[in-house]
Structures are given as C-alpha cells and as structure tokens.
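For reference, the structure discussed in these notes is given below.
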Amino acid sequence: MEDTILKVVNFSAFFGTNQILKSINMEFPKKKVIAMMGPSGCGKTTFIRCINRMHELNHDATTDGSIFLHEEDIYDMLPIFLRRRIGMVFQRPNPFPTMSIFENVIAGYSLNGIKLKKAEKEQVVEDSLTKAALWNEVKDSLHRRGTFLSGGQQQRLCIARAIAMKPEILLLDEPTSALDPISTHNIEELLLDLKNDYTIIIVTHNMQQASRVSDRTAFFYLGDLVEYDETQSIFTKPKEIRTQNYITGRFG
C-alpha cells in the first residue's frame, strides 16, 4: 500500500484465555480516514486500544504478533512516547473536569512534564483549537472549565487535546455515538479536514458514517478481519458474503 504508516502483522489479542482478535493483518496509508465497522463485541475497540497500548492496562490482557509504526514495533516503545505519536479520542467526551479549556488543550504537555513558554502554550492552544474547528467558538472563554461546553464542543475539545501533541495517527472510538445529528455532522466535516495532517482510524457502528467519511473500511466479525478495502468497494461490491450480509442488514 502506498505510503504505509502503520502495519499490523499476525496480530492477536486476548483477555485471559478469551481470544478477542484473531491474527489480524492490515496496512494503513498516511493521511487517510480508515473506518472500522462491525457489530458489538467484534473486536474493533480492542483493536484500536492495542494500537495505543491501552489494552495492556487490563491485568489479564495479552497480545501476540506485531504492529509497526513506520519500521518500529510499537511494543518495543515506551507507551508514554508512543501515545504522543498516536493520539486517542473516546466514545464519550471526557474533558478533564477541573481544568479550563486552555488547560485541557495543553494537558498532554503538562502531564508529560514538557515545559513550554507562555507564548508557546498560547500558540499550541490556538493552533489546536483552530484545527478542531473550535477556536472561534471558545476564544473568549479559554479560562472557563471545558465542561461548560455542549457535548459536540466537548468532543472537539478532546480532539484538540489529542492533536496538540502533534501525533501522526488519531484514533477515534465511536466519537459521535453520544452526540446529536448536528454535532455529528460537525465532527464528520472536521475529520475530512484533519486527514490533510493525520492518519485517522475511526471505530463506528454507523455504516452510513463509514461510507461518508472514510477512504478505506475494515469489517470485523467475531474477532476476524473479514474484509478490508476501498470504502466504495466495500459498500458496492464486497468480496465476502458476511460483509454483504452485514451491510444489507441481515445481521448486526
């Protein structure tokens, strides 16, 4: 695949003796949106948590196989450094409740002990909020708590917080599932802009969303990667009968 940024080789994940992912092989291109779709419990969220090294935070979680960021195995990296390069946004907006909007955006630097001058902090905050299409809405309220924002604004704040660290990859775990249709539309429009700078991997239950925002789509089922192709091909001429049954509503 052209300009591969992330390569997954024979990758499996387990909780205890329960296998969640079964020998996944994938390549992710730079500066594209890749959607992960499939019914609940199929392994999508576990997969992106493994890419961010969050899976191993569970005491009985193990993995097998490799995931390469460029040529480096992510499991050979220190997690704190990996997470600067691979940011993550969760299903429900989770701004730090005691922090202002400004402090939320800059939190990655503060929590990692990275010192910035006042002017540098201000530039990071403005740049990140601008990229997250939130600056004009909050520039006069930067020192109010992030929790005063609407749900959609809070999710864009979380995206700003993730991209403030200048990651190469942005992982999103059903980022619009808790949002209203207008906020969902705003996030989807934002993703189309953000792929100019980042590779975006988005987990979604919403097939229409996958078809709208992604360049490539992967269909997971019961821990297997059933099919992975250009989004248009997945939705118009899937190669696997399970994919066809899922997108036509026969199960899921």
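- Using a 3.5 Å distance cut-off with no hydrogens or angles, the side chains of Q154 and T147 do not pair a donor with an acceptor.
- In this structure, R156 pairs ionically with E137, as a charged nitrogen and a carboxylate oxygen lie closer than 4.0 Å.
- In this model, a donor atom of one side chain and an acceptor atom of the other lie less than 3.5 Å apart for Q91 and S177.
- A salt bridge links D229 with K239: at least one charged nitrogen is closer than 4.0 Å to a carboxylate oxygen.
- In this model, no donor atom of one side chain and acceptor atom of the other lie less than 3.5 Å apart for Q208 and S211.
- Hydrophobic clustering (side-chain heavy atoms under 4.5 Å, transitive across Ile, Leu, Val, Met, Phe, Trp, Tyr) keeps I201 apart from L192.
- V9 belongs to a hydrophobic cluster whose remaining members, ordered by chain and number, are F68; membership requires side-chain heavy atoms of ILVMFWY residues under 4.5 Å apart, directly or through intermediates.
- Taken together through direct or relayed side-chain contacts under 4.5 Å among Ile, Leu, Val, Met, Phe, Trp and Tyr, L82 and V8 form part of one hydrophobic cluster.
- Applying the salt bridge (charged side-chain N to carboxylate O under 4.0 Å, His left out) criterion to R83, with sequence neighbours excluded, gives no partner residue.
- Under the salt bridge (charged side-chain N to carboxylate O under 4.0 Å, His left out) criterion, K237 pairs with no residue, sequence neighbours left out.
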Does the pair F219 and Y228 meet the rule for a ring pair (Phe, Tyr, Trp, His ring centres under 6.0 Å), with working shown? CA-CA 6 Å; F219 171 55; Y228 177 45; over 10 Å; no
Could you give the side-chain donor-acceptor pairs of residues 45-54 under 3.5 Å, partners two or more places apart or in another chain?
{"unit_1": "T45", "atom_1": "OG1", "unit_2": "D173", "atom_2": "OD1", "d": "3.0"}
{"unit_1": "T45", "atom_1": "OG1", "unit_2": "D173", "atom_2": "OD2", "d": "3.4"}
{"unit_1": "N52", "atom_1": "ND2", "unit_2": "I86", "atom_2": "O", "d": "2.7"}
{"unit_1": "R53", "atom_1": "NE", "unit_2": "E56", "atom_2": "OE1", "d": "2.6"}
{"unit_1": "R53", "atom_1": "NE", "unit_2": "E56", "atom_2": "OE2", "d": "3.3"}
{"unit_1": "R53", "atom_1": "NH1", "unit_2": "I74", "atom_2": "O", "d": "2.7"}
{"unit_1": "R53", "atom_1": "NH1", "unit_2": "M77", "atom_2": "O", "d": "3.0"}
{"unit_1": "R53", "atom_1": "NH2", "unit_2": "E56", "atom_2": "OE2", "d": "3.0"}

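- With a 4.5 Å cut-off on side-chain heavy atoms, L191 and L172 count as touching.
- Among residue pairs with one or both ends in residues 176-216, none qualify as ring-ring contact (aromatic ring centres under 6.0 Å, His included); sequence neighbours excluded.
- Residues satisfying the ring-ring contact (aromatic ring centres under 6.0 Å, His included) test with H143, not counting sequence neighbours, are F102.
- Using modelled atom types, one finds no donor on one side chain facing an acceptor on the other under 3.5 Å when comparing S12 with S23.
- Under a 4.0 Å N-O distance rule, the pair K131/D193 does not qualify as a salt bridge.
- Applying the side-chain hydrogen bond (donor to acceptor under 3.5 Å, both in side chains) test to Y109 and every residue at least two apart in sequence or in another chain returns nothing.
- Under the rule for a salt bridge (charged side-chain N to carboxylate O under 4.0 Å, His left out), K121 has no partner lying at least two apart in sequence or in another chain.
- Counted by atom type alone, T130 and D127 present zero donor-acceptor pairs between their side chains at under 3.5 Å.
- Shown here are the salt bridge (charged side-chain N to carboxylate O under 4.0 Å, His left out) partners of E188, two or more places apart in sequence or in another chain: R212.
- For F15, the ring-ring contact (aromatic ring centres under 6.0 Å, His included) partners are H55, not counting sequence neighbours.
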Going by atom type alone, with no hydrogens or angles, which donor-acceptor pairs under 3.5 Å involve a side-chain atom of residues 157-170 and a protein atom two or more places apart or on another chain?
{"unit_1": "R161", "atom_1": "NH1", "unit_2": "N94", "atom_2": "O", "d": "3.2"}
{"unit_1": "R161", "atom_1": "NH1", "unit_2": "N104", "atom_2": "OD1", "d": "3.1"}
{"unit_1": "R161", "atom_1": "NH2", "unit_2": "N94", "atom_2": "O", "d": "3.3"}
{"unit_1": "R161", "atom_1": "NH2", "unit_2": "N94", "atom_2": "OD1", "d": "3.1"}
{"unit_1": "E168", "atom_1": "OE1", "unit_2": "H70", "atom_2": "NE2", "d": "2.5"}
{"unit_1": "E168", "atom_1": "OE2", "unit_2": "R85", "atom_2": "NE", "d": "3.0"}
{"unit_1": "E168", "atom_1": "OE2", "unit_2": "R85", "atom_2": "NH2", "d": "3.2"}

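- Members clustered with F81: L78, I80, by chain and number, using a 4.5 Å side-chain heavy-atom cutoff among hydrophobic residues.
- Side-chain contact, D64 with N10: no donor N or O sits under 3.5 Å from an acceptor N or O.
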